[in-house]
Amino acid sequence: MTTTVTLTGTGVPFPSAERAGPGVLVSHDDVHLQIDAGRSTLMRLTQAGISPHQLSALLLTHLHSDHVSDVADLAHTRWVQDHMHGTGPLPVVAVDGHAPGFVRRVLAANAYDVDIRVQHVQDGPPEVIGHWFALPHTPAEVWRSPCGRVCVEAVRVRHEPVEQAVGYRITTPEGVVVVSGDTRVCEEVAALSAGADILVHEACRSSALAEFVRGTRFETIFSYHADTVALGAMAKRLGVPHLVLTHLIPEPASPGQAAEFEDEVRQGGYEGHVSVGHDLLSVTLEQGVR
Ligand SMILES: [Zn+2]
Ligand SMILES: [Zn+2]
């Protein structure tokens with residue numbers, strides 16, 4: 001058995017033909033967890049061979065639109081196809097705050113289509129199964145697979161002014177995968193990452209942006225995104241063997257620019273394995289192999 005981590009999107013709000021909106025798929029056997037659903041997540045999942053009905057749960061880190069714009073397509077398409085698969089509503093795991101209302105409004109937006117399809121073929125309107133949890137200030141279990149072999153913990157991360165932002169730690173029989181969500185480098189993610197095999201972390205090259213944003217309101221970006229050098233220092237301290245960089249700011253336009261993300265992580269002192277993310281990058285964990 002293996003655990004596979006697939007980046008379904010490595011982009012940011014600025015549109016890119018190469019990079020879907022943020023998302024990570026973590027799979028162990030028939031447990032498939034999708035963390036976030038930025039633009040074109042459904043397309044990338046399809047490329048990865050996963051249909052919406054196969055998702056065990058959708059985990060949301062926070063409600064910045066780049067992370068949730070494809071929730072509508074995932075939930076609605078699962079509903080449209082449910083008469084074929086019978087897997088029922090999509091389970092959604094998120095903070096019990098803004099998320100339940102957001103998901104409700106997303107589903108309601110297709111009211112006309114829902115009415116037509118209910119008359120035509122569907123048994124009833126689309127729903128999700130909400131696994132809403134209180135914002136955890138220390139890592140806490142928020143979901144467990146019915147088979148009991150996959151456990152999800154969450155912790156509040158530092159993405160102010162977004163208060164309801166979390167990262168996730170997914171434990172399978174093969175190891176531990178942590179997905180930071182959007183955050184500056186912080187002790188909360190460090191605590192979540194203790195003993196992790198793979199840390200999927202957002203990355204922001206402050207050095208490349210500093211001149212561009214100086215004196216503009218975007219200068220605050222450094223207070224809620226993860227400086228790559230500081231991230232390298234944290235990963236070194238934690239001893240995490242594999243660091244996967246995603247949500248790349250600024251988007252690398254060439255292999256050379258992608259390599260600069262790794263260079264900065266090395267400047268921070270990190271000596272482990274670095275993967276600079278691209279869409280559909282896939283990393284596999286095998287039992288007993290690090
Ligand atoms: Zn964000
Ligand atoms: Zn984001």
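Everything quoted here is computed from the prediction, not taken from an experiment. Atoms within each ligand, like the ligands themselves, are counted from 1 in listed order.
- With salt bridges taken as basic N to acidic carboxylate O contacts below 4.0 Å, none links Glu271 and Arg266.
- Proximity of Arg184 to Glu160: side-chain heavy atoms (C-beta onward) are separated by under 4.5 Å at one or more points.
- Electrostatic pairing of Arg117 and Asp113 counts as a salt bridge here, judged by a charged N lying under 4.0 Å from a carboxylate O.
- Take the Zn ion (ligand 2) and draw a sphere of radius 2.8 Å; the protein N/O/S atoms inside it number 4.
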Exercise answer: donor-acceptor pairs, residues 20-29 side-chain atoms, under 3.5 Å, sequence neighbours excluded:
from  : atom 1 : to     : atom 2 : distance (Å)
Ser27 : OG     : His32  : ND1    : 2.7
His28 : ND1    : Glu174 : OE1    : 2.7
Asp29 : OD2    : Arg149 : NH2    : 3.4

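- Ion pairing of Arg44 with Asp279 is present here, as a side-chain N (NZ or NE/NH1/NH2) and a carboxylate O approach within less than 4.0 Å.
- Between Pro173 and Gln287, the closest side-chain pair of non-hydrogen atoms falls below 4.5 Å.
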